[in-house]
There are 2 protein chains.
Amino acid sequence: MRILIVEDDPLHRSYLHEAVRAALPECDTILEAENGHAGEVQARKSRAEHVVMDLQMSERNGIEAARTIWRERPDTKILFWSNYSDEAYVRGVARIVPEGATYGYVLKSTSEERLKLALRGVFMESQCVIDREVRGIQQKSLGNAHGLSDAEYEILVDVALGLTDKAIAQRKKLSLRSVQNRLQQLYEKLDVYEVPGGGSEGWYNLRMRAVAVALLRKVLNASALERAERELRNSGGN
Amino acid sequence: MRILIVEDDPLHRSYLHEAVRAALPECDTILEAENGHAGEVQARKSRAEHVVMDLQMSERNGIEAARTIWRERPDTKILFWSNYSDEAYVRGVARIVPEGATYGYVLKSTSEERLKLALRGVFMESQCVIDREVRGIQQKSLGNAHGLSDAEYEILVDVALGLTDKAIAQRKKLSLRSVQNRLQQLYEKLDVYEVPGGGSEGWYNLRMRAVAVALLRKVLNASALERAERELRNSGGN
DNA sequence: CCAAAATTTGCGGGTTCCCGCAGGACAAGA
DNA sequence: TCTTGTCCTGCGGGAACCCGCAAATTTTGG
């Protein structure tokens with residue numbers, strides 16, 4: 001049994017190494033990579049079927065690396081080990097996990113015990129192990145009280161990239177008006193109208209404010225933006 | 001000699017603890033805090049004059065903590081120890097350093113050697129120790145080829161918060177037109193006009209695109225936005 | 001001190017955005 | 001089938017944005 005560790009912080013990497021060794025004595029070789037790209041290469045070369053990896057790394061982040069790994073071998077078991085439980089990350093992971101794949105999502109702040117349990121659960125028992133906090137985010141993002149539908153999220157990302165309504169309409173093959181409708185739904189779901197000072201109107205540029213709120217609430221984050229930007233650029237714009 | 005460590009990651013905290021113990025044998029007590037707020041409290045209580053602290057922590061980040069610490073005792077020596085060298089962080093730190101204070105800024109990825117050197121340099125020799133990469137960012141942000149002036153940066157932040165031109169004019173006590181002028185400068189300095197696909201016009205909403213580019217280039221980041229948002233809210237909007 | 005350079009401000013217009021209103025398209029259920 | 005609900009679409013107008021032009025003001029440098 002071989003395990004691949006993808007993590008850029010050396011301290012965390014060696015901590016993980018120890019945890020794996022302790023939790024999975026049946027594991028005979030532990031491979032390491034220090035960024036997403038190296039992780040992909042290693043995974044391809046070693047055919048490792050068990051990967052534990054960090055999100056937010058430089059040089060290709062965890063989500064992108066996971067996507068290409070899963071594209072090549074969809075039965076790979078991946079345990080995500082992240083600092084944050086931003087909705088953007090949770091959504092990003094959910095978006096790329098293949099049909100029936102087993103994976104886990106635990107926070108770096110969890111106890112060593114829980115990390116070891118997750119390691120065994122995902123790699124030995126083929127369970128999906130998701131931390132409580134992360135689960136909480138998942139729920140919230142689905143509970144449509146304040147949660148955005150996928151369609152709305154897509155629009156939000158396009159807006160955040162700086163595209164005009166017209167450009168978005170073209171990309172998404174919708175009429176101009178439909179795009180604007182979805183935008184208004186966004187403006188309601190994020191509390192864009194709430195004004196800091198007095199109740200004066202016209203304080204906010206709604207389109208920009210929506211993105212600001214999404215960033216503050218971690219519905220969006222820089223990493224998601226980077227991914228979207230790259231996608232935009234090599235899809236040639238439309 | 002007492003040293004206060006403010007760092008939320010337990011691994012990094014203990015690593016720092018070790019490094020301090022090794023680099024500064026004359027240090028007799030090492031205090032620890034696990035977020036910015038606790039750090040402020042500890043600093044106030046212990047009157048520590050030497051602080052090493054992380055940026056990006058939950059529950060009040062390093063910049064805010066440093067600001068209140070320096071406000072109370074401007075001669076405190078602070079060594080910032082951060083994962084990233086985002087322009088937003090570098091600028092944020094530079095913005096709050098008091099006249100003549102000594103501080104340092106090293107990345108978590110630097111060698112143990114350099115960390116120890118920085119510890120001695122800042123705390124014993126009262127030098128300002130800034131990592132090469134960080135210095136590089138500093139230069140770039142000043143070299144006005146692509147670097148934003150302080151005025152432009154301020155506007156950028158206000159725009160990113162979602163304020164309208166009019167609102168910004170009011171806050172900054174400028175005319176509407178001046179705000180728009182500064183915006184146009186922004187649009188030029190960030191390459192807002194560059195289009196992905198063909199040379200079609202009207203592809204970008206410039207105001208939004210400027211913020212997107214700033215985020216992608218790390219001129220802005222979520223942490224800076226949070227700070228600005230809080231400031232906006234308790235300045236009552238104007 | 002004056003001249004050059006940079007900023008600020010007003011005006012005017014073309015464009016985009018924001019959104020109420022209202023008419024279609026399509027699916028679910030009585 | 002008819003209703004109800006949801007979504008897409010077009011129209012129209014008021015507000016905000018983007019920006020060229022030019023005068024007024026401030027700053028800089030000699």
Side-chain angles (χ1 to χ4, degrees), chain A residues 144-145 147-195 199-214 237-238, chain B residues 142-145 147-195 199-214 237-238:
Chain A
N144 50 15
L148 306 187
S149 74
D150 280 359
E152 286 156 355
Y153 182 76
E154 297 265 316
I155 295 284
L156 173 62
V157 172
D158 280 359
V159 169
L161 285 176
L163 298 175
T164 61
D165 292 3
K166 208 195 305 180
I168 298 175
Q170 209 168 311
R171 259 167 80 77
K172 289 287 180 330
K173 289 181 178 137
L174 289 174
S175 77
L176 188 63
R177 193 54 175 89
S178 296
V179 173
Q180 295 177 331
N181 275 338
R182 282 165 134 93
L183 272 178
Q184 277 178 254
Q185 291 169 205
L186 267 183
Y187 298 155
E188 285 182 23
K189 291 212 181 173
L190 312 168
D191 293 339
V192 166
Y193 302 97
E194 186 199 356
V195 181
S200 50
E201 294 277 318
W203 203 247
Y204 284 131
N205 173 328
L206 298 185
R207 138 181 311 250
M208 187 63 243
R209 183 61 183 169
V211 173
V213 170
N238 51 28
Chain B
L142 293 178
N144 50 15
L148 306 187
S149 72
D150 280 0
E152 286 157 355
Y153 182 76
E154 297 265 316
I155 295 285
L156 174 61
V157 172
D158 280 359
V159 169
L161 285 176
L163 298 175
T164 61
D165 292 3
K166 209 194 304 178
I168 298 175
Q170 210 168 309
R171 261 167 78 77
K172 289 288 183 324
K173 291 183 177 136
L174 289 174
S175 76
L176 188 63
R177 193 55 176 85
S178 296
V179 173
Q180 295 177 331
N181 275 338
R182 282 159 130 98
L183 272 177
Q184 278 178 253
Q185 293 169 200
L186 268 183
Y187 298 154
E188 286 181 22
K189 291 212 182 173
L190 312 168
D191 293 338
V192 166
Y193 302 96
E194 186 200 354
V195 181
S200 50
E201 294 276 317
W203 204 244
Y204 285 131
N205 173 326
L206 298 184
R207 139 182 310 250
M208 187 63 241
R209 182 62 183 168
V211 172
V213 170
N238 54 28

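Since we're looking at a predicted model, the values are computed, not measured. Residue numbers begin at 1 in each chain, while the letters A, B, ... track the order of the sequences.
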In whole angstroms, the gap separating P of D/dC18 from NZ of A/K166 amounts to 15 Å

In this structure, CD1 of B/I155 is separated from CG of B/L148 (nearest 0.5 Å) by 11.5 Å

Rounded to whole Å, CG of B/N181 lies from P of D/dT25 at a distance of 17 Å

A/R182 atom CZ is separated from D/dT6 atom P, nearest whole Å, by 15 Å

Kindly say if A/R207 contacts the phosphate of C/dC18, meaning a side-chain N or O under 4.0 Å from OP1 or OP2. yes

| request: Kindly say if B/S178 contacts the phosphate of C/dT9, meaning a side-chain N or O under 4.0 Å from OP1 or OP2. | output: yes

Closest to the side chain of B/N205, out of D/dT9, D/dC19, C/dC17, is C/dC17

Rounded to whole Å, CH2 of B/W203 lies from P of C/dT16 at a distance of 12 Å

When rounded to whole Å, the CD to P distance for the pair B/Q180 and C/dG12 reads 15 Å

**Item:** Under 4.0 angstrom between B/Q184 side-chain N/O and D/dG20 OP1 or OP2
**Value:** yes

Query - Phosphate contact (C/dC19 OP1 or OP2) by A/Y193 side-chain N/O below 4.0 Å - result: yes

- [ ] Give one of base, sugar-phosphate or nothing for B/L174, where a contact means two heavy atoms less than 4.0 Å apart.
- [x] sugar-phosphate

note: A/L190, atom CG; C/dC18, atom P; distance rounded to Å ~ 13 Å

Exercise for the section: Could you tell me whether the phosphate oxygens of D/dT9, OP1 or OP2, come under 4.0 Å of any side-chain nitrogen or oxygen in A/S175? Expected result: yes

Problem set entry | Side-chain donor or acceptor of B/N205 paired with backbone N/O of B/M208 under 3.5 Å | yes

### Query
Ignoring hydrogens and angles, are the base of D/dG20 and the side chain of B/R177 linked by a donor-acceptor pair under 3.5 Å?
yes

Regarding the side chain of B/D165, the nearest nucleotide among D/dC18, D/dT9, C/dC19 is D/dC18

From OH of B/Y187 across to P of D/dC19 the rounded distance in Å is 7 Å

**OP:** Check for a donor-acceptor pair, side chain of A/R209 on one end and backbone N or O of B/L163 on the other, with a separation under 3.5 Å.
**Re:** no

| message | Applying a 4.0 Å non-hydrogen cut-off, can you work out what A/T164 is touching in the nucleic acid: base, sugar-phosphate, or nothing? | response | sugar-phosphate

A/L176 CG to D/dG10 P, in whole Å, measures 9 Å

Heavy-atom closest pair (A/A212 atom, B/A160 atom, distance to 0.1 Å) is CB-O, 3.2 Å

